[in-house]
Amino acid sequence: MSRAPVIAIDGPSASGKGTVAARVAQALGFHYLDSGALYRVTAFAAQDSGLPLTDEPALARLAEGLDIRFDGVEVYLHGQPVGEAIRSEEVGRAASRIAALPRLRLALLGRQRAFRQPPGLVTDGRDMGSTVFPEASLKVFLTASAEERAQRRYKQLIEKGLPANVTALLQDLRERDARDAARSTAPLRQMADARLLDTSHLTIDRAVEQVLAWYRATVSGSAAA
Ligand code: CDP
């Protein structure tokens, strides 16, 4: 396996971890993996082929066989762009349900680890630091209050011209947080060796700077050791 450095950014829905992770990757010239997109694409493909979201063996087989390619922010499924389609709240809810299935998670594990390539990888999700890359050079638990996250998600949807209701979004975020934290396989939680970054009152720029500062300190610390 590649020994390229990994920065693992985990956290709850709509905390801004995807935006921060992508910007950190860009600043360092590293690869970027949006692991949530893999769960979303799988949920989308399952819905498309009429698979029940509870059929664990069939979903795991489906996940293994999917031809998924990332190109910048665009995601391709079997050669077709699905970037917008997988970002709906409906697909997000379905992704969160299938993400509780251990065999499905296992089916996506190797795919995620394959993104670890020189010069390095920045990745975001729920279990990047705990399960997928436990030896990451830097682990960050990026969060924000549920109210702030609901507001951010609301703005995102409105900007895209999609219907949104902040009360419904808040309730949905809370349900998704509870499901992600309560599942028995790879639950969402801050690892003991992860740095906490609460972005409730931070701009994206400040959050990106903080992650870069921690990473630089890690690199100079290990060079000095
Ligand atoms: O937009 P949001 O942060 O809600 O979701 P996402 O990061 O795109 O991921 C969609 C769903 O996949 C989440 O609600 C999680 O349940 C699940 N997921 C996971 O279980 N493990 C990951 N590493 C990434 C996402």
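Atoms within a ligand are numbered from 1 in the order they appear, just like the ligands themselves.
Close approach to Met128 involves these atoms of ligand 1, each under 4.0 Å from a residue heavy atom: 23 (N). Per-residue contacts place Arg153 under 4.0 angstrom from the following atoms of ligand 1 (heavy atoms of the residue considered): 1 (O), 2 (P). Within ligand 1, the atoms closer than 4.0 Å to a non-hydrogen atom of Ala14 are 3 (O), numbered from 1 in the order shown. If you number the atoms of ligand 1 from 1 as listed, the ones under 4.0 Å from a heavy atom of Ala99 come out as 16 (O), 17 (C), 20 (O). Interface of Lys17 with ligand 1, defined as ligand atoms under 4.0 Å from a residue heavy atom, comprises 3 (O), 7 (O).
Salt bridge status for Asp180 with Arg176: absent, with no side-chain N to carboxylate O gap under 4.0 Å. Look at Glu175 and Arg179 and you find no salt bridge, because none of the NZ, NE, NH1 or NH2 atoms lies under 4.0 Å from a carboxylate O. Under a 4.0 Å N-O distance rule, the pair Asp177/Arg149 qualifies as a salt bridge.
Checking Tyr32 against Asp124 by side-chain atom types alone, a donor-acceptor pair falls below 3.5 Å. For the residue pair Asp205 / Thr203, no side-chain donor-acceptor distance below 3.5 Å is found, with atom types taken as modelled. Between the side chains of Thr218 and Arg195, no donor N or O sits under 3.5 Å from an acceptor N or O. Between the side chains of Arg126 and Ser13, at least one donor N or O sits under 3.5 Å from an acceptor N or O.
In terms of protein heavy atoms, atom 24 (C) of ligand 1 is closest to Ser35 OG, 3.4 Å. Looking from atom 9 (O) of ligand 1 to the surrounding protein, the closest heavy atom is Gly36 CA, 3.5 Å. Protein heavy atom closest to atom 16 (O) of ligand 1, with residue, atom name and distance, is Asp180 OD1, 2.7 Å. Among all protein heavy atoms, the one lying closest to atom 21 (N) of ligand 1 is Arg105 NH2, 3.0 Å. Regarding atom 4 (O) of ligand 1, its nearest protein heavy-atom neighbour is Ser13 OG, 2.5 Å. Here the heavy atom of the protein found nearest to atom 12 (O) of ligand 1 is Tyr39 CB, 3.5 Å. The single protein non-hydrogen atom nearest to atom 11 (C) of ligand 1 is Ala95 CB, 3.8 Å, given as residue, atom name and distance. Considering only non-hydrogen protein atoms, atom 8 (O) of ligand 1 sits nearest to Arg40 NE, 2.6 Å.
Closest heavy-atom approach to atom 22 (C) of ligand 1 among the candidates Arg126, Gln156, Gln112, Arg179: Arg126.
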Check: Checking salt bridge (Lys or Arg N to Asp or Glu O under 4.0 Å) for the pair Arg105/Asp127: CA distance, chi angles, key distance, verdict?
Finding: CA-CA 10 Å; Arg105 300 194 72 85; Asp127 62 340; 2.9 Å; yes
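A 4.5 Å side-chain heavy-atom check between Phe30 and Leu121 finds every atom pair outside the cut-off.
Hydrophobic clustering places Val91 together with Leu51 (ILVMFWY residues linked when any side-chain heavy atoms are closer than 4.5 Å, directly or through intermediates).
Using a 4.0 Å heavy-atom cutoff, Arg93 is absent from the residues neighbouring ligand 1.
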